[in-house]
2 protein chains.
Amino acid sequence: MNKPITIKEIARDLGVSFSTVSKSLNDSSEISEKTKKKVKEYAALRGYTPNQIALSLKNSATFTIGVIIPDIQNAFFASVLKNIEIHAKSYGYRIVTFFTNEKLKEEEESLKILSKGLVDGLIICPSEETFKKRKFAHFDAVKNMNTPVLVFDRVDENLDFDSVSVDDFGSIISGLDYLYEKGARSILFASTIPALSVGKKRKEAFEKFLKDNPEVKGTILEDQENGVLQNMLLEVLKTEKIDAVFGMDIDSTMLASGAISMIGKEFKEEISLLGYVNKQYNRLVYPKISYINQFPEKIGQMAVDIIVDKIKIGNSKILKKEVIETFIAIKDTSK
Amino acid sequence: MNKPITIKEIARDLGVSFSTVSKSLNDSSEISEKTKKKVKEYAALRGYTPNQIALSLKNSATFTIGVIIPDIQNAFFASVLKNIEIHAKSYGYRIVTFFTNEKLKEEEESLKILSKGLVDGLIICPSEETFKKRKFAHFDAVKNMNTPVLVFDRVDENLDFDSVSVDDFGSIISGLDYLYEKGARSILFASTIPALSVGKKRKEAFEKFLKDNPEVKGTILEDQENGVLQNMLLEVLKTEKIDAVFGMDIDSTMLASGAISMIGKEFKEEISLLGYVNKQYNRLVYPKISYINQFPEKIGQMAVDIIVDKIKIGNSKILKKEVIETFIAIKDTSK
DNA sequence: TTGTAGGCGTTATCAT
DNA sequence: ATGATAACGCCTACAA
């Protein structure tokens, strides 16, 4: 029931003015060593800690970064968030987190709440629905504030903020090259994210590849309902000759993995599987899947670096658009 | 670059006092409709929103709940966190999140930061290291504050806070009964969490079951290094006759799943696998695993309910120790 | 119906 | 070497 002790109370208890207390605690040279010691000891005794809210008001700096992500159950976002937290911490920042569950409305709500002076900067990955409906008006409010904003992964020309993303086009091509080299001439493209800008970009890359390599037969399976996609996969895998499956996201890749198991084909021997899983999942799954590493660690780190930089320097008009060029297909290490 | 507008500025621009503005915006009956309308319109035009930090200071209520969890990459915690966020939101609360990565030191740091008036309540799952070293002193500081604290999942008698946990003992027995009924007489117990209180409790339950059912042969494999555990599993599965594997946590269960696949045994036919995975993982994995549902949704919801209750009522001395009794082993639905 | 003053906890500036 | 005062943005008695 003890309310946290304040400077005022310390001052009262010690019979000094509260400015003396404040100065003592901040090691001001104006105060005698004796008084300082007395104040500090009593403060320690009573477990005094400065009230951060009062400090935030005084300094108009909250040392808090707002993070808005679609879904924490998605391993990619979990990894990014983890690394955002780690790096924010290292800069002395905290994070307040909102999950939109891929819903526009929840994104609007979150943005509204966070634009009330609660945070010094904002890191966002917009929801699927935002892209489907192409509604970006709710970003306007935050745009003409001096709070820096950074968008990661799902970038879009309508969102003129700082951004960190991966080179989707390039990594798809590189993945396809990898499959091609392994002999694949009939490739199945599986996606549960056709609505997202990244999903579209990846599909474009696939189509480009097919155009450049007419000897390759491509099949595209897209669906937002995971349950349906697996049946579609099973159907195609049973009826057509498929050399390789390329999953465009964690879900489609894992579903493809399951489908291949179900029809009893051998991984690597009969069908190659490449996809966007991550270490975390792959570590626990058998057989291991070759995958495109999106470097969520790097994304989280860069996002924080940029935001903290802008917070300290002041939000400039010059936008940083970082694209993580690096991508690799790590080969199957199992067996 | 526009700093957010304040009540003062609105008052100045409109030529009224700032209390008039404040009252108008709060729909006070003291103010004439005409003035109210004028003020509201101008405030809307300028995009005024009350500064939450100032409000927090004024009301000494932050509408923020601090959450400290070991690891967001763990699907169980991800699910709990998600549901904490959902429910907190429904009560008008935000969450500020810290990840300890199972480290005592990070837990201490997080606790220290959050005890500076930043949050109205605290939801914590202590780290593995905290239990290993049995250091709980850092909780003292927070104990004699009036900030309500709740511990979930990893409860301990040294932590006398509100708590939400599952009936570990009961669910293990129930899981073993399930395996027994399916004919298992040689059961392998796999765990990567021997240091945690839950891990110990689960092992106790297993040993109790073996004592009560002497006809069952039990083998215990424990290790904190996942890589090592899988080799241990492979070794035992190859050399001994095992009817069923019971994984004590996500990692050991997934590793067991992989190991069974590797040695080419048939799930369900030759070996039953039961474990602590969750829907999220299981949805994407083949073959599907029977699992103990810990109801992370329920844990998250109850934790928030209790904390918000305590925040509103005032932190009472009476502790709520909720144990989620319900548990089910959902049967393999694949094929 | 409107304006003034005080206070939430802190620090910084200015006296004493 | 100390103490008083103002300010951060807001709300709310109380006064006018």
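Residue numbers begin at 1 in each chain, while the letters A, B, ... track the order of the sequences.
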Nucleotide [N], atom [atom2] - distance to [atom1] of [X] in whole Å:
X	N	atom1	atom2	answer
Lys38(A)	dT2(D)	NZ	C1'	11 Å
Lys36(A)	dT2(D)	NZ	P	11 Å
Glu30(A)	dT16(C)	CD	P	16 Å
Ile53(A)	dC10(D)	CD1	P	15 Å

Between Glu129(B) and Lys132(B), is the closest basic N to carboxylate O distance under 4.0 Å?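 Answer for the salt bridge query: no.
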
Give a yes or no on whether a salt bridge exists between Glu85(A) and Lys89(A), defined as a side-chain N under 4.0 angstrom from a carboxylate O.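 A salt bridge links Glu85(A) with Lys89(A).
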
At under 4.0 Å between heavy atoms, which parts of nucleotides 6-12 of chain C does protein reach? Answer with one letter per nucleotide, 5' to 3': B base, S sugar-phosphate only, - none. BBBBBBB

Taking the side chain as C-beta and beyond, is there a heavy-atom pair between Ile10(A) and Tyr42(A) under 4.5 Å?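 Side-chain contact under 4.5 Å: yes.
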
Looking only at heavy atoms, which two atoms of Gly121(A) and Ile307(A) are closest? And how far apart?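 Looking at all heavy atoms of both residues, the shortest contact is CA-CG2, 4.3 Å.
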
Select base, sugar-phosphate, or nothing to describe what Ser24(B) touches, counting heavy atoms under 4.0 Å on all strands.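 Answer is nothing: Ser24(B) stays at 4.0 Å or more from every strand.
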
So Thr35(B), base contact, sugar-phosphate only, or nothing? Heavy-atom distance under 4.0 Å.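 Counting heavy atoms under 4.0 Å across all strands, the contact made by Thr35(B) is with sugar-phosphate only.
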
Is the phosphate of dG3(C) approached by Ser17(B) (side-chain N or O, under 4.0 Å from OP1 or OP2)?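 The answer is yes; a side-chain N or O of Ser17(B) sits under 4.0 Å from OP1 or OP2.
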
Looking at Lys112(A), I'd like to know if its NZ atom is crowded, meaning that more than 12 non-hydrogen atoms belonging to other residues, nucleotides or ligands lie closer than 6.0 Å.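 At most 12 heavy atoms, drawn from other residues, nucleotides or ligands, come within 6.0 Å of this atom.
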
Determine whether more than 12 heavy atoms belonging to other residues, nucleotides or ligands lie under 6.0 Å from atom CZ of Phe63(B).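 Atom CZ in Phe63(B) is not crowded, with 12 or fewer foreign heavy atoms closer than 6.0 Å.
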
